[in-house]
Structure formats: C-alpha cells, structure tokens
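Note that the structure is predicted; figures quoted are calculated from it, not measured.
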Amino acid sequence: MNLFNSLRTKLALWIALFACVLAMLGAILSLWLGYKYLETNFQNNIQSHMRLASISLIQPVMQINYLELRDQIQAIQDYEGITGVAIYDQNDNLLMESGELSEMQLSEDIGSGPAVQGQIIVSFSQDPLKAGMMYILYIGGILLLIIVPAFIFIVWKISHKYLFDLSELTECIKNSSCEEMPQYPGIYRQDEVGLLSTALRQRDQELSEYHQELENYKNHLEQLVEQRTVELKRSQMLSQTILDGLPDSVALIDARDMTILNANQTFLSSNNTSLEDVLGKTCYQITHGTDEPCQGVQHTCPVQEYFKNNQPCVAEHIHKSKDGDEYFVEVSAWPVFDENGQPVQMIHIERDISEKKRVEKLRDDVERIVRHDLKTPLNGILGLSEILLDDELNDEQKEFLGHIHESGRRMLNMINHSLDIFKMEEGTYILKPEEFDLLSVLKVLDSDTQPLQNGKLIKLQIILYDREISDDNKLSVYLEKRHIHSMLANLLTNALEAAPENSMVTVNINQDQNNTIIDLHNDGAIPSAVRNRFFDRYATAGKAHGTGLGTFSARLIARSHGGDITFTTSEEHGTHVIVTLPTNAEKTETTG
C-alpha cells in the first residue's frame, strides 16, 4: 500500500497539522498578550523613572538652575527607550528640552498637590521592546521547528502500535491472502480493529463455505447441462428423423409474418427445393409461387382462419408439380404456444389427397352408373311380373310372384331414392311436393319397426301438440311424401337402435302456420367420436353394419324442402333430433 494513502500516515499528519495549528494559535496569542504585558510594564517603568526625576527637579525648577536641569535631563535620557525630554514651569513655559519628542509621550508633574512647580514630558520609542519580542519569536520558531517533527514522529510511532494490525488486515484483504495467514491480524484485540477482524474472519469462513457450495452446485449444473444437451441433441435428431419420415409435408412457420423456420424432407421434396432456400421465405411463396397470402374459397389460408376463428381449420388447395401437373392437397395449421399461452408459431401440414379425390370421383361415377343401369333390368322384372300376375295361376304361384314384384318395386324405389339423394347433393334436384297426412306415415313406420321395438322392449310414443295421437288424428303437410318417409324411417330407426333396452322413444310433433317441427327423443347419447360429424357422409359408431349415410341423407332431404335437422345430446338428458320442415314446401330446385 502507498505510504501516503495509509490510514496511519493520514492520521499522523492530521494530528500533527492540528497540533501545529493549535501551537501557532497559542504562540500568536501568547506573543500578543506578552507584548501587551511588556508594553505596559515598559511604560510603567518609564513612569516610575519620571516620578523619581520629578522629585529631583523640584529645586532646579524653582531656582531655574539650568545646569542642574541639564544634568537631570541627561539622567532621564540615559534610561533605555527615552528619545526626548521637555521641562515646563508651572505656567507651561518651556524651561529646557533635549532630544526629539514623538507622538508616544508620557508626562509627570513636578511637585505634588497645590505645590506643583512644573511638568516633565518624556517621549519614548518601542524599539527595545520590539527587539526583545523578535528575539523571543526567533527562539519560539526554532523550538517549533524542532518540536513539530518530533511530535509527528511520536504520533507516527504511537499510531504504529494501534494501526499496524489494521494495515496488515487491509493488505491481506486486498491480496486475498488472509486465509493463508496463521491468524487474522488484530483478532486478539478488544477494540474496533478486533471486532472488524473477527467479523471479516467469520465472513470469509461463510464465503468459503458458500463458494464451496457454489462450486459443487456449478459442477452439478454442468453435469446436468451436459446431460440435457446430449438428451436434447438426441431428441432433436429423433424429432427430425420422425418429421422426415412422415409422408405429409410439415413446416414450422412464424405466426407473425408466415416465414418458414424449419421444414421436413417431404415438404422440401414436394416443392423441389432445399432447406436453405426456404428458410426466411413465406409458405405461400414456396407452395404457390406468389407474393400474396392464400385467399378465396379454393385457397383458404389455414393460418389466417385460425386467428380469425381461434380454432384450427382444414382447407383444400390445388398445387402444381414441377412438371406442371395439378394435384390436390389438404392443408391445416396448428398453433405452437409460448409460456404466456400466445400462438407464436404454426405447424403447417400438407397432405396429398389426389388419390382420395380420384377414388371419390370414381366412386361417384360408379354409383351413378349403377343407379342408372340397374333400372333397366328392374323395369323388365316388374313388367313381366305384372303380366304373369294377370295369367291364371294357383294361389302359391301368385304369392311367390307377388313377393318378386314387391321386391322389385322396393329396389326400384331405393334406386330412385339414391339417384334423388345424388341430385340433392349436387344441387340439381327438383322438389315435387304433394299433400299427405304426416301421422299416417309415422303410423306405418311404427308398424314397420315393431320387430325392433319388441326385440329391445322399447315403447314408441307419438305425441301431437303434447298429447298422444289417436286413430282419428291427422296432420296435413304439403311435402314430398316418398322422401319424408325415407327421412323419418332413417331417423326413427337410428333412435330405436340407440335407445337403451326397456326404455321409451318419443316423436313429438308441433305445427304452426309456417313450420312443422318433429322432435325424436331417446335416452341414449351420441358417441363423442361422431358428434362433430354426426351429419357427415359415412359417419357411424357402434353399428356392425352401419353405412353412415342415414343422417347424411336425412339432412339433405330436410334441406331440399327448405328445412334443417339439428340435435342435442348428453348422458343425462339423452338425444333430441329436431327436424324443422316448412308446412307447405314450394316446388323449387334445391340449392344443396
């Protein structure tokens, strides 16, 4: 440590400086008081000398003896410091004067009381007094020059005794070497230095323990980080392997600007590019080669739809291959949330559905051909059976022939119904309503489903305006009877099949001037797996031979009449399928 920066040096210098200042102030005060004292004493001595001289001058003044006066003046001037003397008679007449009279004068009467014979005036100088004071000042200065260094040295030595331990403690703290010393400097002392040394030793012990704990914790963290790094690399490699092995095109995009952050190998191969070329570019630049996001019915952007509806959506897009051929893809986007639950990234998934589209078109073509071509042989069967029924046959032959004719008629109705459903789906079906009794249709369905009701011990209850129907009740509607019969048959059969055994299925009907509402209720609940696609084509669950077309065709029929079908379902309240139909449907071409 620098000697001039040590506490010991500063303390010694400040004490010496303070002592010097006090000594100087004391010396100045002492000199001033001594000077005043000597000045007063000097004047008193001159005054006493003049008093003695005045006694000796009584006779010479009275006799006006100049010789004697001169001798007395000479005796007075012999006193140190007197520079001039003047003698006056009692009438203030100057008798004799010697030397020079200055401003500093003293006077003394010659004689006393009424017998005053004259006056002596003495002028004096303070040079002797000043000379004495200068001598004293020189001696004091010499002593001060000797005493101050000696005082500083003494303070330095004394401070060494009390501040040496503090200096050593400071030095070892600065160099971080206190722990290497046998004991902390000054720890044995009972003053502030001892308390500081004890506190610092305790702090160093705690810091040493804490440092050791930190070192152990750091080593443990390093092991964990190394382990997690290995696991993360393994997880990343596994994730990338899984992504690259997926047949679907997958890309991770930024939710803010829709730029691509990562992509799997399928995405890169289908777009004939590399990862370096797609990073930082938008998904629509890569998949469609445009600078604007996808939009419109044919190219709905699933990312924008998610933020618009706050739920993922699936859209169909048409892409072009590197050869210029068009193919169909199913595009969806799924959010990746941050720690605050905000979607910051989106998983963009594309699935090639060209084969699915080709199969669907092929199926529709086959269904349309089958529907059309089956009608020709059926017409022959029905025609020939009608001709044979007119011939003379026995009862057994007529019965068998009647079954053939009825089966052919039903098959023809099924083919016609299937063709009508196809037209409804395409939006080209022309409605042909007629007036009929809706309750009679339900009664026929009740009769047709008796085997199913009896097998499950289910009771079917048909209610009109909150009262069970009777044989004479009728409810006139102006709809297409054949399709309404098919729609209600599908819905009623579904309700009976879904109802628990030994329960009740109700058909509750209400009608106003505009609408006829049919509520079919059973105590069963629609499986959660098909609730969101209950009216979709081929949606079925829990049926060994179900086709999944019943509710699909029922809703098409309802909408072709200008109505609709909805449902509610729960384990507690069962299922309500609610059919809303216009009471009088117009003969119009359906819009699908």
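Shown here are the side-chain hydrogen bond (donor to acceptor under 3.5 Å, both in side chains) partners of R467, two or more places apart in sequence or in another chain: there are none. Considering only residues two or more places apart in sequence or on other chains, E226 meets the salt bridge (Lys or Arg N to Asp or Glu O under 4.0 Å) condition with none of them. Checked against side-chain hydrogen bond (donor to acceptor under 3.5 Å, both in side chains), Q513 has no partners two or more places apart in sequence or in another chain. Applying the side-chain hydrogen bond (donor to acceptor under 3.5 Å, both in side chains) criterion to N515, with sequence neighbours excluded, gives no partner residue. Among residues two or more places apart in sequence or in another chain, the salt bridge (Lys or Arg N to Asp or Glu O under 4.0 Å) test is passed with E305 by K308. Every residue meeting the side-chain hydrogen bond (donor to acceptor under 3.5 Å, both in side chains) condition with E435, not counting sequence neighbours, appears here in chain and number order: S476. Under the side-chain contact (heavy atoms from CB on, under 4.5 Å) criterion, E434 pairs with F436, K481, not counting sequence neighbours. Every residue two or more places apart in sequence or in another chain that forms a side-chain contact (heavy atoms from CB on, under 4.5 Å) with F567 is listed here: I526, F534, F535, T569, V577. Not counting sequence neighbours, the partners of L252 by the side-chain contact (heavy atoms from CB on, under 4.5 Å) test are L261, N262, V336, Q345, I347. F307 is linked by a ring-ring contact (aromatic ring centres under 6.0 Å, His included) to nothing, counting only residues two or more places apart in sequence or in another chain. In this structure D523 satisfies the side-chain contact (heavy atoms from CB on, under 4.5 Å) test together with P500, S503, H521, sequence neighbours excluded.
Contact of the I518 side chain with the L438 side chain is registered, since non-hydrogen atoms from C-beta on lie closer than 4.5 Å. Looking at heavy atoms from C-beta onward, M487 lies in side-chain contact with L581 at the 4.5 angstrom threshold. In this structure the side chain of F328 reaches within 4.5 angstrom of the side chain of I318, judged on heavy atoms. Put simply, the side chain of I260 reaches to within 4.5 Å of the side chain of F267, judged on heavy atoms. Annotation: side chain of I469 is in contact with side chain of K443 (closest heavy-atom distance under 4.5 Å). Side-chain contact between D564 and R555 is present, with at least one heavy-atom pair separated by less than 4.5 Å.
Nearest heavy atom pair, residue P343 against residue A255, reads O-CB, 3.8 Å. G280 and T259 get closest at one heavy-atom pair: O-CG2, 3.5 Å. Between S560 and I557, the closest heavy-atom pair is OG-O, 2.6 Å. Heavy atoms only, all atoms of each residue included: S570 and A525 are closest at O-CB, 3.7 Å.
Atom CZ of R482 has more than 12 heavy atoms from other residues, nucleotides or ligands within 6.0 Å. Shown here is E292, whose CD atom has no more than 12 heavy atoms of other residues, nucleotides or ligands within 6.0 Å. Counting heavy-atom neighbours within 6.0 Å of N340 CG, excluding the residue itself, gives a total above 12.
Counting only residues at least two apart or in different chains, salt bridge (charged side-chain N to carboxylate O under 4.0 Å, His left out) contacts with residues 208-220 comprise E215-K218.
Between the NE2 atom in H561 and the CG atom in L431 there is a gap of 4.5 Å [rounded to 0.5 Å]. Note that CD1 of I578 is 12.0 Å distant from CG of L491, once rounded to the nearest 0.5 Å.
Shown are L460, D446, N522, D448; of these, the side chain to side chain contact (heavy atoms under 4.5 Å, CB included) with L492 is made only by L460.
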